[in-house]
Amino acid sequence: MAVSYELCGLRLSSDLALPELPAILLEDRPPDLRVRLGAAPRPSATAASDPHGLILPDGGFWAEEPGVARFRVEAGRQVTVDPLLPADDPEVRCHLYGTMLGVLCHQRGLLPLHGTAVVRDGRALLLTGGRNTGKSILAYALAGRGAALLADDVAVPAADGLRDGTAPRLLPGLPTLRLSAETIAGLGIPMARALPVADGKHALPGLVPVWREPAPLAAVVELAPGMPGMEAGAGVRLDRLDRVQAAVLLSRNTFRGRIGNHLGRGRALLAAAAALAAAVPCWRLRCPADALMPGAGPGVEPVPELVADMVERAWREDTR
């Protein structure tokens, strides 16, 4: 029996249980998205190949995660999941919330960004950057200062704010932090709480408070650790980016942007990144390579206070 949920502003009906998402009542309105269990064989015709899957001639997308599941995403309205593991395995859902969500956003004309978003006082902060740059651990540290998690890994601005030039709102995404086993151990969190997902990460439902409403985006901070050999906290810098630099940053951190390009969205994605850069202050945080690595044991600060203080400064400032 299908159950209805909400993710990134989309109302979805799913054959697959999605316990991480808030359940909703669709009432008399049809769902925006259908997630169905069914066969998803490799297609015979393809338009392009991407490291994450195949682009189909009709604009659809097919992918296989070896030993996990096959997926087919069509027209931004349907995802077929063909599990190779038990359907309720967290790793199956992990890929649905990751690459498949990114593809859905591209098919629907949205701008998915690779990052973790938190909210405090009704204002959202987006932490972006490459893989393993400390986005989730910094979000965890900010949660200890009163923030709530809005989205992890994929953050999606509402399209209306990008079109009309008003302050864009970030939509509620996956409300579960995912951390590496080393980080979890360093924070003194029992591994019994963690669910293994993909890429060596573990999901930790309920670890931090969650925000379930769209929130105006106050700032974007790119994490750029990479000064090895310096003491944690030394040499930390927070640089305000100009609009061109910010547009490049957002374009570079578009989630599955290469797939969007294959789907013919290259110019639209650049325009959306430029619009967001014009509307929201963007910053780059430079710090030592180990500044966003936790210490060992319970009660240890997740990140140095200086780093968290600087990020909060970007969050507070509202200059355009």
Transitive ILVMFWY side-chain link [X] to [Y], under 4.5 Å:
| X | Y | value |
| --- | --- | --- |
| Trp315 | Ile137 | yes |
| Leu21 | Val73 | yes |
| Val92 | Val3 | yes |
| Leu187 | Leu204 | yes |
| Val197 | Val35 | no |

Do you know the tightest heavy-atom contact between [X] and [Y]?
| X | Y | answer |
| --- | --- | --- |
| Ala277 | Ala247 | CB-N, 3.5 Å |
| Ala148 | Val210 | CB-C, 3.9 Å |
| Ala139 | Leu127 | N-CD1, 3.9 Å |
| Gly266 | Asn261 | CA-OD1, 3.2 Å |
| Val208 | Leu177 | CG1-CD1, 3.9 Å |
| Pro209 | Ala143 | CD-CB, 4.4 Å |

- Pairs in or reaching into residues 90-100: which pass side chain to side chain donor-acceptor pair (under 3.5 Å), with residues at least two apart or in two chains?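 Found Glu20-Arg93, Glu20-Tyr97, Thr99-Arg256.
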
- Can you run down the side chain to side chain donor-acceptor pair (under 3.5 Å) pairs that involve residues 148-157, sequence neighbours left out, and say none if there aren't any?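 Output for this query lists His114-Asp153, Thr116-Asp152, Ser136-Asp152, Asp153-Arg178.
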
Rounded to the nearest 0.5 Å, what separates atom [atom1] in [X] from atom [atom2] in [Y]?
| X | Y | atom1 | atom2 | result |
| --- | --- | --- | --- | --- |
| Leu270 | Ser251 | CG | OG | 4.5 Å |
| Arg34 | Glu74 | CZ | CD | 12.0 Å |
| Arg108 | Leu10 | CZ | CG | 5.0 Å |
| Asp50 | Ile55 | CG | CD1 | 5.0 Å |
| Leu33 | Ser13 | CG | OG | 9.0 Å |
| Cys105 | Arg265 | SG | CZ | 9.0 Å |

- Task: May I have the step-by-step check of side chain to side chain contact (heavy atoms under 4.5 Å, CB included) for Leu250 and Leu111, ending in yes or no?
- Result: CA-CA 10 Å; Leu250 294 167; Leu111 175 67; 5.7 Å; no

Indicate yes or no: at least one non-hydrogen side-chain atom of [X] is less than 4.5 angstrom from one of [Y].
| X | Y | result |
| --- | --- | --- |
| Cys8 | Pro172 | no |
| His202 | Met191 | yes |
| Leu285 | Val236 | yes |
| Leu179 | Leu207 | yes |
| Glu65 | Cys94 | no |
| Phe255 | Leu113 | no |
| Val280 | Pro168 | yes |
| Leu110 | Leu171 | no |

- Query: Is Trp62 isolated, or which residues cluster with it under the ILVMFWY side-chain rule of less than 4.5 Å, directly or via members?
  - Reply: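 The other cluster members (ILVMFWY side chains, heavy atoms under 4.5 Å, direct or chained) are Leu54, Leu56.
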
- Kindly give the cluster partners of Leu195, where membership spreads through any ILVMFWY side chain lying under 4.5 Å from a current member.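 Leu195 clusters with nothing; isolated.
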
For [X], enumerate each residue passing the side-chain hydrogen bond (donor to acceptor under 3.5 Å, both in side chains) test, keeping only those at least two apart in sequence or located in another chain.
| X | answer |
| --- | --- |
| Ser180 | Thr183 |
| Thr80 | Arg36 |
| Asp32 | Arg11 |
| Asn132 | none |

For [X], which residues count as a salt bridge (Lys or Arg N to Asp or Glu O under 4.0 Å) partner, sequence neighbours excluded?
| X | result |
| --- | --- |
| Glu312 | Arg120, Arg145 |
| Arg77 | none |
| Arg42 | none |

- side chain to side chain contact (heavy atoms under 4.5 Å, CB included) between Met100 and Phe61, worked out: CA-CA 9 Å; Met100 307 314 139; Phe61 180 81; 4.1 Å; yes

Treating [X] as the side-chain partner and [Y] as the backbone partner, does any N or O pair qualify as donor plus acceptor under 3.5 Å?
| X | Y | result |
| --- | --- | --- |
| Trp211 | Ala117 | no |
| Tyr5 | Ser14 | no |
| Asp121 | Arg123 | no |
| Asp82 | Arg70 | no |

- Task: Step by step, work out the side chain to side chain contact (heavy atoms under 4.5 Å, CB included) result for Leu18 and Leu96.
- Result: CA-CA 10 Å; Leu18 305 174; Leu96 180 65; 3.8 Å; yes

- Provide the full list of salt bridge (charged side-chain N to carboxylate O under 4.0 Å, His left out) pairs with a residue in residues 205-225, sequence neighbours left out, each pair given once.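 The answer is Glu222-Arg252, Glu222-Arg284.
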
